[in-house]
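Right, one structure below, let's go through it.
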There are 2 protein chains.
Amino acid sequence: MVEEALTAERILEAAEEVLRRFGPAKATVVDVARALGVSHGSVYRHFPSKTALRDAVAERWLARVSKPLAEVAAEEGPAPERLRRWFDLLIALKRSKARDEPELFATYQNLVADARDVVRTHVDTLVSQVARILTDGVEKGEFSIEDPLASAWAVFNATVRFHKPIHASEWSDPGIDAAFEGVWSLILGGLGAREAPAKARKKPSKK
Amino acid sequence: MVEEALTAERILEAAEEVLRRFGPAKATVVDVARALGVSHGSVYRHFPSKTALRDAVAERWLARVSKPLAEVAAEEGPAPERLRRWFDLLIALKRSKARDEPELFATYQNLVADARDVVRTHVDTLVSQVARILTDGVEKGEFSIEDPLASAWAVFNATVRFHKPIHASEWSDPGIDAAFEGVWSLILGGLGAREAPAKARKKPSKK
DNA sequence: TGACTGACAGATGTTGACTTTTGTCAGTGC
DNA sequence: GCACTGACAAAAGTCAACATCTGTCAGTCA
């Protein structure tokens, strides 16, 4: 049987599995190497440090969050509803990660606590997606705001309680959904949300 | 000189001083007793546990936050500006506590992490103050909202990043004030804030 | 030659004996 | 009697010896 070559990709998969099973506190580089049947020195051929490996695992994991969100951001149709769907999905994704992959979620929480670049990049990605929806809405006359990127940041900041991992323990409060509704109507008002005026409404795009 | 009687009040003062000096991790009941020249058993005559003592210290400390805020909430004049002054003061108070009394602030952070009743009560107090300002503004036609208490919670939730101790590390970010401005204009819009119409209670037709 | 190993040094984490702290209460003396 | 003490048990915290982990590198072997 031919041994499969040791690649960064294979290491990442093994590392994710090890993190999922043991959690960030117990997972070691030796565990990852053992899962691959190599010495731990080999892992350092592909990643300069354990931190870099952890960041790379998180990056993949975060890409699996932002990709479906990007799809929602790119949808057609009224921006206000799309914005809401986008946040509903963001919140649902975060909650399900916290519930179904607690160890990986804990890894991500450590990352946030360390204020790693990988997290900043992820947040920037998410905020640009929101900005895209807002820009779209402004063009269609569905939002009345001056600076979509600034507003995107504002919306993101205002909803921090509902998607930032540091608040994860509050997500099981019975009133959490009602609290979000309250913040949401504040936001819609603040964005000057309304139905697209007939003459401003764009024809279905077919580019 | 006659020994002063040992009262809950004197114990609280000593406990606050001990907490301020040693911080929540190092302060012991024996330290508090020593500062008062009594045995630690005596302290337990007045407080059932160290936790109860810590909570009582925090309660006093929080009262010193909510009292000046209550004064702002009770002021006359336009509600939107008052609301803004109220939040500016809240944020300034929290930041100065974090900066000038780091040990007591750490005590409070522990309290929040433990989700103690004393914190819930404090938050309820603050939210009612906001609700009071909102109610006032609704009566004067300065806000158009249905449920001032629900909106007060929404405003509080939307500004969490700027006053909740768990976010204290973000308060020194250079962009934090700009971020607050962004959220604030969202909020003002969401509350339907406007100048008081000459004749209150009449639905406005234009800006 | 170059991917990989394995032995190694220093850093970090764990363990368990020991110390301190919390909380109780019978006893003291005012 | 009451307000307080001081001795105590159980719980929690400390610390140093020991073990494991991270990161490096000279050496192996295909």
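By convention in this document, chain letters (A, B, ...) are assigned in the order of the sequence lines, proteins followed by strands, and residues within each chain are numbered from 1.
If you take CZ of F22(B) and C1' of dG13(D), they are 17 Å apart, rounded to a whole angstrom. Straight-line distance from the CG atom of L36(B) to the C1' atom of dT5(D): 15 Å, rounded to whole Å. In this structure, L6(A) atom CG and dC4(C) atom P are separated by 5 Å, rounded to whole Å. We find that CG of D31(A) is positioned 13 Å from C1' of dT22(D), with the value rounded to whole Å. If you take CD1 of I11(A) and P of dG23(D), they are 14 Å apart, rounded to a whole angstrom. Separating the CZ atom of F47(A) from the P atom of dT24(D) is a distance of 15 Å, rounded to the nearest angstrom. Rounded to a whole Å, the CG atom of L53(B) is 14 Å from the C1' atom of dT21(C). What separates NZ of K50(A) from C1' of dT20(D) is a distance of 11 Å, to the nearest Å.
The residue T28(B) sits close only to the backbone: its heavy atoms come under 4.0 Å of sugar-phosphate atoms, none of a base.
Taking the six-membered ring for Trp and thresholds of 30 and 60 degrees, F162(B) and F180(B) have ring planes more than 60 degrees apart, a perpendicular arrangement.
Along DNA chain D, the nucleotide nearest to V30(A) and the one nearest to V38(B) differ in position, and the one closer to the 5' end is contacted by V38(B).
Within the 4.0 Å cut-off from OP1 or OP2 of dT5(D), at least one side-chain nitrogen or oxygen of S39(B) is found. Checking the phosphate oxygens (OP1, OP2) of dA3(D), no side-chain nitrogen or oxygen of S42(B) falls inside 4.0 Å. Applying the 4.0 Å criterion to OP1 and OP2 of dC4(C), one finds that H46(A) has a side-chain N or O inside that range. The shortest distance between the side-chain N/O atoms of K26(A) and the OP1/OP2 oxygens of dT14(C) is below 4.0 Å.
For D124(B) and T121(B), the side-chain atoms include no donor-acceptor pair closer than 3.5 Å.
Counting only heavy atoms from C-beta outward, the side chains of K94(B) and P165(B) approach each other to under 4.5 Å.
Counted within 6.0 Å of CZ on R120(B), heavy atoms from surrounding residues, nucleotides or ligands total more than 12; the atom is thus considered enclosed.
In this structure, the side chain of R161(A) does not engage the main chain of A158(B) through any donor-acceptor pair within 3.5 Å.
Candidate nucleotides dT24(D), dT14(C), dC4(D) were compared by shortest atom distance to the side chain of Y44(A), and dT24(D) ranks first. Listed nucleotides dT24(D), dT5(D), dC4(C) differ in distance to R45(B); the shortest reach to its side chain belongs to dT5(D). Distance from the side chain of H40(A) is smallest to dG23(D) among dG23(D), dC4(C), dT14(C).
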